[in-house]
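Contents: one structure, followed by commentary.
In this text the structure is predicted, and so the values were computed from the model without any measurement.
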Amino acid sequence: MNKVCHIGFSQIQELYEQHVKEINNALLHSKEMRCTTGMPGEPLPYQLRTDLPITCVVFLCFFLIIYALKNGKKYLHQHLKAFFRQKERAGLFDETSGFDLRYTLSLGGISCISASLFVYDFFSKTNSLLFQVVPHSIILLVYIACILLTVSGKTCLYQLINWVFFDKEKNRTWISAYFDLLCGAAFVLFPLTLLIVYFNLDFNFSKTFVLIVVICFKILLFYKCIRNFFNHFHGTLHLILYFCTLEIIPLLFLWKGLIYINNILILNF
């Protein structure tokens, strides 16, 4: 978005706030005319725990994580051990060579939904105009869809690029490691989500913690990328290009896309 668009949105927000202030002053004046005793009440600030869509999403994540822990403890334990163990070829009877779609989708979905809730909480505190004019359920659904599309798009890019430059076994190992990390992130992000929603966790602390989790996630992916694809010194340049293209750039596109979508939602509503 250019500078003109940003100035236009700031002017829209100023006009909207001025309009709301005039309405509140008019209502206050009419109340004073009708009743001279007492004092006007103040509206309660917006809280995540009082929002019905947020509650429904949190309950969905809770049931998914209970299902994964109840039925897939052995599967999760095996993949956790296999993440830091490097094999040139997977054995035919290797227990970790399986890829259970049920637990991967359950825990991966929890990670994506938790990330969407963090984005939702961030914009609820930094873009008040968006949450004043757009229904909250639509905002949350849009954020969840954006995160899921980003993960799906990255998976397709992994499959395409690894199919061109690497063999089938390395491609399978990388996809498995990526989703293992995505599933593991659910056990860190979901408790933090509960703290933010129901205990009003400090905004700056939550931002810092989420940033630390993202950095650790990328460091582990970087480690796995070296072990799986570029375990020789002459592959360092290819490693940097591969990792920046598939890990850093999609995050930048996602962030700019979310800001652009917020502006579109404000204009449409």
(request) Provide the closest heavy-atom pair for Tyr198 versus Thr55 in the form atom of the first, atom of the second, distance. (result) OH-CG2, 4.1 Å
(request) Could you check whether the rings of Tyr67 and Tyr103 sit parallel, tilted or perpendicular, using 30° and 60° as the cut-offs? (result) tilted
(request) Using the side chain to side chain contact (heavy atoms under 4.5 Å, CB included) rule, take Thr208 and Ile212 through it: C-alpha gap first, then chi angles, then the decisive distance, then the call. (result) CA-CA 6 Å; Thr208 304; Ile212 292 173; 4.1 Å; yes
(message) Just verifying a value: how many Å separate Ile175 CD1 and Thr104 OG1, rounded to the nearest 0.5 Å?
(response) 11.5 Å
(message) Ignoring hydrogens, what is the shortest heavy-atom contact between Asn200 and Val197? Give both atom names and the distance.
(response) OD1-O, 4.5 Å
(request) Could you grab the distance from atom CD1 of Ile139 to atom CD1 of Ile261, nearest 0.5 Å is fine? (result) 12.0 Å
(message) Looking at every non-hydrogen atom in both residues, tell me the closest pair between Leu201 and Ser206 and how far apart they are.
(response) CD2-CB, 4.1 Å
(request) Consider only side-chain heavy atoms of I, L, V, M, F, W and Y, link residues closer than 4.5 Å, and tell whether Leu140 and Phe63 are in one cluster. (result) yes
(request) Just do the side chain to side chain contact (heavy atoms under 4.5 Å, CB included) check on Val142 and Leu258 with the steps written out, would you? (result) CA-CA 9 Å; Val142 168; Leu258 289 173; 5.7 Å; no
(message) A side-chain contact here means heavy atoms from C-beta on lying under 4.5 Å apart; do Thr126 and Phe203 qualify?
(response) yes
(request) May I ask you to list the residues sharing a hydrophobic cluster with Ile249, side-chain cutoff 4.5 Å, ordered by chain and number? (result) Phe253
(request) Enter the distance from Tyr120:OH to Ser116:OG here, rounded to the nearest 0.5 Å. (result) 12.0 Å
(message) For a quick test of reading the model, state the closest non-hydrogen atom pair linking Ser111 to Ala186 and the distance between them.
(response) OG-N, 3.0 Å
(request) Rounded to the nearest 0.5 Å, what's the gap from CG on Leu195 to CZ on Phe205? Could you check? (result) 8.5 Å
(message) Under a 3.5 Å distance rule, please check whether His136 uses its side chain to pair with a backbone N or O of Phe131 as donor and acceptor.
(response) yes
(request) Please determine which of Leu129, Asn268, Leu265 meets the side-chain contact (heavy atoms from CB on, under 4.5 Å) test together with Val134. (result) Leu265
(request) State, to 0.1 Å, how close Tyr178 and Val151 come at their nearest heavy-atom pair, and which atoms those are. (result) OH-CG1, 4.1 Å
(message) Hydrophobic clustering (ILVMFWY, side-chain heavy atoms < 4.5 Å, transitive) - are Leu211 and Leu182 grouped together?
(response) no
(message) Could you check whether any side-chain heavy atom of Asp121 comes within less than 4.5 Å of a side-chain heavy atom of Phe118, counting everything from C-beta outward?
(response) no
(message) I need the Leu130 CG to Ser124 OG distance, nearest 0.5 Å.
(response) 9.5 Å
(message) Could you tell me if the side chain of Phe187 sits less than 4.5 Å from the side chain of Leu107, heavy atoms only?
(response) yes
(message) Which residues pass the side-chain hydrogen bond (donor to acceptor under 3.5 Å, both in side chains) test with Lys207, not counting sequence neighbours?
(response) none
(message) Quick one, Ile54 and Leu117 - any side-chain contact, counting heavy atoms below 4.5 Å?
(response) yes
(request) Look at the side-chain heavy atoms of Ile, Leu, Val, Met, Phe, Trp and Tyr, link any pair under 4.5 Å apart, and say whether Val213 and Phe199 land in one connected group. (result) yes
(request) Report yes if the side chains of Leu194 and Phe62 come closer than 4.5 Å at any heavy-atom pair, otherwise no. (result) no
(message) Do Asn127 and Ile266 have side chains that approach each other closer than 4.5 Å (heavy atoms only, starting at C-beta)?
(response) yes
(message) Using the ring centroid of each side chain, check whether Tyr260 and Trp255 are separated by less than 6.0 Å.
(response) no
(request) Could you tell me whether the side chain of Ile110 reaches within less than 4.5 Å of the side chain of Ser114, counting heavy atoms only? (result) yes
(message) Considering only residues two or more places apart or on different chains, which pairs with a residue in residues 140-154 satisfy side-chain hydrogen bond (donor to acceptor under 3.5 Å, both in side chains)?
(response) Tyr143-Asn262, Lys154-Glu247
(request) Measure the shortest side-chain to side-chain distance between Val210 and Phe122 over non-hydrogen atoms and say whether it is less than 4.5 angstrom. (result) no
(request) Calculate, to the nearest 0.5 Å, the distance between atoms CG and CD1 belonging to Leu149 and Ile144 respectively. (result) 12.0 Å
(request) Tell me whether Leu192 is reachable from Ile215 by hopping between hydrophobic residues (I, L, V, M, F, W, Y) whose side-chain heavy atoms are closer than 4.5 Å. (result) no
(message) Under the criterion side chain to side chain contact (heavy atoms under 4.5 Å, CB included), I'd like the reasoning laid out for Ile65 against Cys61: C-alpha separation, chi angles, the key distance, then a yes or no.
(response) CA-CA 6 Å; Ile65 202 167; Cys61 292; over 6 Å; no
(message) Give me the atom names and distance for the closest heavy-atom approach of Pro53 to Asp51.
(response) CD-OD1, 2.7 Å
